[in-house]
K.L.:
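One structure coming up, written as structure tokens, with questions to follow.
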Amino acid sequence: MAYTITKLCLNCKDIACTQVCPVDCIYEYTGDDPTIPKEMLLIDPDECIDCNACVPECPWEAIFENDLVPEIFKEDVELNARIVGQPRVVPTRPDKPMPTPEEVAENKKKWGYT
Ligand code: SF4
Ligand code: SF4
């Protein structure tokens, strides 16, 4: 089934999710394909073991089980799958502050997800 990181992660990339993923299947794309974003992280659906550990850890509430991805972010399921077999790294954590509840709400509003 796997999990998907939605565009709510775009430009956030605090990397909290990678700290708890037991199989290191959350990646930053490092290749040259402009259709695969580098400004957000992506989950390899072939490696994800559906443990749910990343969901409560994400301060931006950007991660969903595939069946529960909101309609507005449905295309992100396929976007995450594009990371399979691509050049990529598991990023290390930058020194980035956690967002406030207001910032999380504003980010959702930006994408029309309320
Ligand atoms: S914790 Fe959430 S917002 Fe942060 S990098 Fe992971 S998916 Fe993106
Ligand atoms: S559900 Fe578990 S295995 Fe899948 S990306 Fe999240 S932490 Fe990793």
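Note that ligands are numbered from 1 as they come in the structure, with each ligand's atoms numbered from 1 the same way. Positions are given from 1 along the sequence. We use all heavy atoms of the structure for the numbers below, so side chains are in, but hydrogens, waters and symmetry mates are not.
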K.L.:
Below 4.0 Å, non-hydrogen atoms only: which portion of I63 touches ligand 1? Side chain, backbone, both or neither.
P.N.:
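Just the side chain.
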
K.L.:
Are any non-hydrogen side-chain atoms of L10 and W111 less than 4.5 angstrom apart?
P.N.:
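In short, these two side chains touch, coming nearer than 4.5 Å.
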
K.L.:
Could you check whether any heavy atom of C54 sits closer than 4.0 Å to an atom of ligand 1, since that is the contact criterion I want to use?
P.N.:
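Distance cut 4.0 Å: C54 fails for ligand 1.
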
K.L.:
Looking at atom 1 (S) of ligand 1, what's its closest protein heavy atom, distance included?
P.N.:
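Of the protein heavy atoms, C17 N, 3.3 Å lies nearest.
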
K.L.:
Can a donor-acceptor pair be found, under 3.5 Å and without considering hydrogens, that links the side chain of K74 to the backbone of V69?
P.N.:
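Confirmed, K74 side chain pairs with V69 backbone.
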
K.L.:
Does D44 use its side chain to pair, donor to acceptor, with the backbone of C25 at less than 3.5 Å?
P.N.:
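No, D44 side chain to C25 backbone: no donor-acceptor pair under 3.5 Å.
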
K.L.:
Going by the side chain to side chain contact (heavy atoms under 4.5 Å, CB included) test, name the single residue among I83, I63, N66, V77 that passes it with I43.
P.N.:
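Single side chain to side chain contact (heavy atoms under 4.5 Å, CB included) partner of I43 among I83, I63, N66, V77: I63.
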
K.L.:
Where's the contact between D14 and ligand 1, heavy-atom distance under 4.0 Å: side chain, backbone, both or neither?
P.N.:
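Within the 4.0 Å criterion, D14 contacts ligand 1 through backbone and side-chain atoms alike.
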
K.L.:
Check each atom of ligand 1 against the heavy atoms of I15 and keep those under 4.0 Å away; list them by number with element.
P.N.:
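Going through ligand 1 atom by atom, the ones under 4.0 Å from I15 are 4 (Fe), 5 (S).
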
K.L.:
Among all protein heavy atoms, pick the one closest to atom 5 (S) of ligand 2 and tell me residue, atom and distance.
P.N.:
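The protein heavy atom lying closest is C25 SG, 3.5 Å.
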
K.L.:
If the test is side chain to side chain contact (heavy atoms under 4.5 Å, CB included), which one of T30, L79, L42 qualifies with I36?
P.N.:
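It is L42, the one option of T30, L79, L42 that forms the side chain to side chain contact (heavy atoms under 4.5 Å, CB included) with I36.
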
K.L.:
What is the nearest protein non-hydrogen atom to atom 4 (Fe) of ligand 2, stated with its residue, atom name and distance?
P.N.:
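Heavy-atom neighbour on the protein nearest atom 4 (Fe) of ligand 2: C48 SG, 2.3 Å.
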
K.L.:
Among all protein heavy atoms, pick out the one at the shortest distance from atom 3 (S) of ligand 2; state its residue, atom name and that distance to 0.1 Å.
P.N.:
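Result for atom 3 (S) of ligand 2: I49 N, 3.4 Å.
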
K.L.:
Is any side-chain heavy atom of M40 closer than 4.5 Å to one of E28?
P.N.:
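E28 does not reach M40 side chain to side chain.
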
K.L.:
Looking at I26, which atoms of ligand 2 are within less than 4.0 Å of one of its heavy atoms?
P.N.:
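Going through ligand 2 atom by atom, the ones under 4.0 Å from I26 are 5 (S).
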
K.L.:
I need the atoms of ligand 2 closer than 4.0 Å to a non-hydrogen atom of V23, numbered in the order shown.
P.N.:
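What qualifies from ligand 2 is 3 (S).
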
K.L.:
Specify the protein heavy atom at minimum distance from atom 8 (Fe) of ligand 2: its residue, its atom name, and the distance to 0.1 Å.
P.N.:
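That would be C21 SG, 2.4 Å.
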
K.L.:
So does C9 have any N/O/S atom less than 2.8 Å away from atom 6 (Fe) of ligand 1?
P.N.:
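It does not: C9 brings no N, O or S atom closer than 2.8 Å to atom 6 (Fe) of ligand 1.
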
K.L.:
Do N107 and Y113 have side-chain atoms, one donor and one acceptor, less than 3.5 Å apart?
P.N.:
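No, because no side-chain N or O of N107 sits under 3.5 Å from a partner of the opposite role on Y113.
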
K.L.:
Report the nearest protein non-hydrogen atom to atom 2 (Fe) of ligand 2: residue, atom name, distance rounded to 0.1 Å.
P.N.:
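Going atom by atom, the protein heavy atom closest to atom 2 (Fe) of ligand 2 ends up being C51 SG, 2.3 Å.
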
K.L.:
Check contact between N52 and ligand 2, using heavy atoms of the residue and a distance below 4.0 angstrom.
P.N.:
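The answer is yes, since N52 has a heavy atom less than 4.0 Å from ligand 2.
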
K.L.:
Can you sort out which atoms of ligand 1 are near P59, meaning under 4.0 Å from one of its heavy atoms?
P.N.:
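Near P59, meaning under 4.0 Å from one of its heavy atoms, ligand 1 has 1 (S).
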
K.L.:
Does E61 pair with K108 as a salt bridge, N-O distance under 4.0 Å?
P.N.:
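Looking at K108 together with E61, the answer is yes, because their closest N to O distance falls below 4.0 Å.
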
K.L.:
Run E106 and K110 through salt bridge (charged side-chain N to carboxylate O under 4.0 Å, His left out) and show every step you take.
P.N.:
CA-CA 6 Å; E106 191 57 37; K110 186 175 78 187; over 6 Å; no

